[in-house]
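Written below as C-alpha cells is the structure these notes are about.
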There are 2 protein chains.
Amino acid sequence: MAGVTPKTVSRALNDAPHVSKAVRQKVKEAAAELDYHPNLAAQSLIARRSYLIGLTYERPSPSYVVDLQNGALGRLEDGRYRLVVLPFNHVASRPEELGRLLLRAGLDGILLAPPACDQPALLDMLERHNLPYGRITPHSELDRGIVVTMDEAAAGQDVAAHLLSLGHRRIGIILGDPSHAASLGRMEGYRRAFGDAGAPIDERLVVTGDFTYDVGYRAARELLAQSPRPTAILAQNDDMAAAAIAAARDLGLAVPGDLSVAGFDNSEVSRTAWPQLTTVNQPVRQMAWDAADRLIAALDGKSDVSGSQRRDHAHELLVRASTAPPAN
Amino acid sequence: MAGVTPKTVSRALNDAPHVSKAVRQKVKEAAAELDYHPNLAAQSLIARRSYLIGLTYERPSPSYVVDLQNGALGRLEDGRYRLVVLPFNHVASRPEELGRLLLRAGLDGILLAPPACDQPALLDMLERHNLPYGRITPHSELDRGIVVTMDEAAAGQDVAAHLLSLGHRRIGIILGDPSHAASLGRMEGYRRAFGDAGAPIDERLVVTGDFTYDVGYRAARELLAQSPRPTAILAQNDDMAAAAIAAARDLGLAVPGDLSVAGFDNSEVSRTAWPQLTTVNQPVRQMAWDAADRLIAALDGKSDVSGSQRRDHAHELLVRASTAPPAN
DNA sequence: CTATTTTATGTCAACGTTTACCGATTCTCG
DNA sequence: CGAGAATCGGTAAACGTTGACATAAAATAG
C-alpha cells in the first residue's frame, strides 16, 4: 500500500476512526484487489486469542458428528471463529491426555460432546488453564461451565411408554456404551415408564451394546434367540435399532408385524431405514448451535461463563412405521 | 521459569542444541508440571505458518464427511497440524466466495473434496496466493496440485456390468448432482458396461438426483412407475440406493426378489440397509489420508507440489444382498 | 599450563499487527 | 479572525517466540 503506514491500513480495514473517507476507501479497494487479509497469527498474538473453537467427540455415529458440526458451524458462520475438530477415543480411561491435546491446540474455547463432557478430571484441567468450555448433554456436575441439555430420562420414558401403550410387555432393551452417561439417563426413563405401566423390567431382556451397529446386531440376535421372544426392542440409539431390524429380517421376522423396534436420536439412519424408525428427536444441531452461541458470547465478554448457564432443549417422540401393537 | 531466559526454555523444549542436560531436564519437568505450552500464535507468526489444514466439502452424506475427516485426521495424528472444517454449499455458483473464505482462514494448506476440487477459478485463486491444496477425486485438470483419484468410470463399469451379468436389461439409473463431476464419470462407466454387453441404455430410465435420500426416493418412485417396470436400479450413491429400496418396499416390491438395487460408495448406510447394499467401495478414508500426507509433505518441504503428484486408489465391487438375477 | 575448540547461556532483533500516545491539520463557533 | 475542538496521520512499544550472533565457561589438545 504505497504511501500509507501499516497503522493506517489497520485502521481503515477495521473501520476505526482517525482515517479520512478517501483513504479508507482507497485502502479497502486495494485490499479487495489484492485479496489482502491481515495476518491472523499477528492478530492472535496481540489479541491473545486464536479465534479457534474446538469440538471433541468420541466415535459416535456419523450423522451425530455431522449434526454437531453443522450446528456449531451455523453459529460460527460469520467466519470470525473457525472450528477445529478433535475426535478422541476412550476419554474415560485417559482424560488428562485429551486435556493436554486440547490445551496444546491453542483454542479459545472448546465444545465437549459426550462422554468427554462428563469427565471431571478434564473439566478441572480446562478450568485450571482458563479454557472456557461448552458441554453438550452432560449428565453430571451440571453447574460447571456452559451446559446444554435435554431431558434424557423424559425422552426415554416417552419412547418406552409408547411401546407399553401399544400393548407390548416383553420388551428387549439394548443399552448404549455404559461410559456414556446418556445410557443411564435413558434407562432411567425406561424404568419410570415401566413402573407407571405396572410392568416389571425383565433383566434378562436387557443387554449392553455400545451404540454401534455391529454390536447392536449381536445384541439383537441374542434377544431374539430367547423364548418366548420379545415382541418389541427398545434400542438406545438409531444405529442399534437399525441393526435390530436387520437381525429380525435375517430371522424371517417382519417389522413391525412380528417385532416392533424403537430407536433414539432421530439420526439419518432412522429415516433411511425401512420401515422408518420410531425414535426420539434429540435436537443435536440446535444444542450444538446453542452451546457455540453461548461459548462465543462468553469469549466476547458478552456473558459470563458462570451464572445460569444451563439450558434445556425439548425432545420429541417421533412415531413412525417401525412400531405397532404386538401380533398375538 | 526462574533464572532461565525464554530463549533457553525454547531451546530446551525444542530439543535444540546448546542446552545442558540438567537445564533441559529441569525445564521439561517444569513445563510438564505447569502444563505449559508455547504460544502458538507467536510460533506461527515467526514461522509464517499456522499449522492449520482446512477441509472443504459440500452437503454430502454424513458418512462421507466423517470418512474424509477421519482419513485426514489419521495423518495429522501427531498433533502438529490441526484440522479446520469449512463446509461450503453451491461452490459451482460462487467459487471466489469460497476462495476468499479459505484465504481468510489463515490455513497452511487445504483439502478439497468434490465439487470444490473441480473449480478452476478456485484453484487459480489458491495458486495466486500460494496456498497449497490437495484435491480428492477431481475429474478435470488432473495435472494441477496434489491429486488423489480413483477410477470412477471403471468403478461405474464394474457395478453396471454386475447387474448386466445377472441378466438385467431394464435398468433404471439415478444420477447424482450433475455439478459433481463424479456423476459424469460414473455414468461414463455405466455406458461402457452397457456397450460391452451390447445393451442399449434407455434414456427414459435415466433420472437425475442430487445424492440425497429424499430426492433419490422421488427419482426411484418415478422409475418404478414406468411400465414395464425396471428390474434393477443403479443409484450413483448409497443414500439414493437406500431410498430406492424404500420406494420399492412402499410399492410392495421385494428387494432383491422383484427389484435389484446397487449403490456406490460403501458408506455406512450400505451396511445398515436391509438387505445390505451391493455397492462399490470408494476408499474415501485412504484417499483423504493420502491427500493429507502429501499435502503435509509439501508443506514440510519434503516433496514438491509439482511433479508426479497424481495417485490412483483402487476401488472394489462389493456384491451384497441387494442384487440378484431378475425374477422372470 | 596455555591455546584452541566445544558447549552453554544470554542479548538483540524480527515476525505483522494493534494499542497508546503525540503532533499537525482542519473545522467550528464566538 | 482566533481559540478550542475534532479529525487525521504517524511513531513507539508490545504480544511470545525463535534465528542470528556474542560472550562466557568448560573441555580438549599441544
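Just so it is clear, the structure is predicted and the values come from calculations on it, not from any experiment. Letters A, B, ... are given to chains in the order of the sequence lines, protein chains preceding strands, and every chain is numbered from 1.
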Within residues 102-124 of chain A or reaching into it, pairs that qualify as salt bridge (Lys or Arg N to Asp or Glu O under 4.0 Å) - sequence neighbours excluded: A:D118-A:R135, A:D124-A:R144

Whole angstrom is fine here: how far is it from NZ in B:K21 over to C1' in D:dA26? 16 Å

Among residues at least two apart in sequence or on other chains, which ones pass ring-ring contact (aromatic ring centres under 6.0 Å, His included) with B:F211? B:H180

Is there a side-chain contact between A:T8 and the phosphate of D:dC8, meaning an N or O under 4.0 Å from OP1 or OP2? no

For B:E268, what residues pass the salt bridge (charged side-chain N to carboxylate O under 4.0 Å, His left out) criterion, not counting sequence neighbours? none

Does C:dG16 have OP1 or OP2 under 4.0 Å away from a side-chain N or O of A:Y36? no

When the distance from CG of A:L45 to P of D:dT17 is rounded to whole Å, what number comes out? 9 Å

Salt bridge or not for B:R49 and B:D300, using N-O below 4.0 Å? yes

Length of the line joining A:R48:CZ and C:dT18:C1', which is rounded to integer Å: 12 Å

Using atom NE2 of A:H37 as one end and atom P of C:dG16 as the other, report the distance to the nearest whole Å. 16 Å

What is the distance, rounded to the nearest whole Å, between atom CG of A:N39 and atom P of C:dG16? 7 Å

Non-neighbouring partners of B:D210 that pass salt bridge (charged side-chain N to carboxylate O under 4.0 Å, His left out), sequence neighbours left out: B:R59

Nearest whole Å is fine: how far is D:dT17 C1' from B:R49 CZ? 16 Å

In whole angstrom, what separates B:L13's CG from D:dG16's C1'? 13 Å

Euclidean distance, atom CG of residue B:L40 to atom C1' of D:dT17 [Å, nearest integer]: 11 Å

Quick one: which protein N/O atoms are closer than 3.5 Å to N/O atoms of nucleotides 18-25 of chain D? Pair and distance per line, please.
residue, atom, partner, partner atom, Å
D:dT18, OP1, B:N14, ND2, 3.0
D:dT18, OP1, B:Q43, NE2, 2.9
D:dT18, OP2, B:S10, OG, 2.2
D:dT18, O5', B:S10, OG, 3.4
D:dG19, N7, B:K7, NZ, 2.9

Sequence neighbours excluded, every pair satisfying ring pair (Phe, Tyr, Trp, His ring centres under 6.0 Å) that has a member inside residues 64-87 of chain A: A:Y51-A:Y81

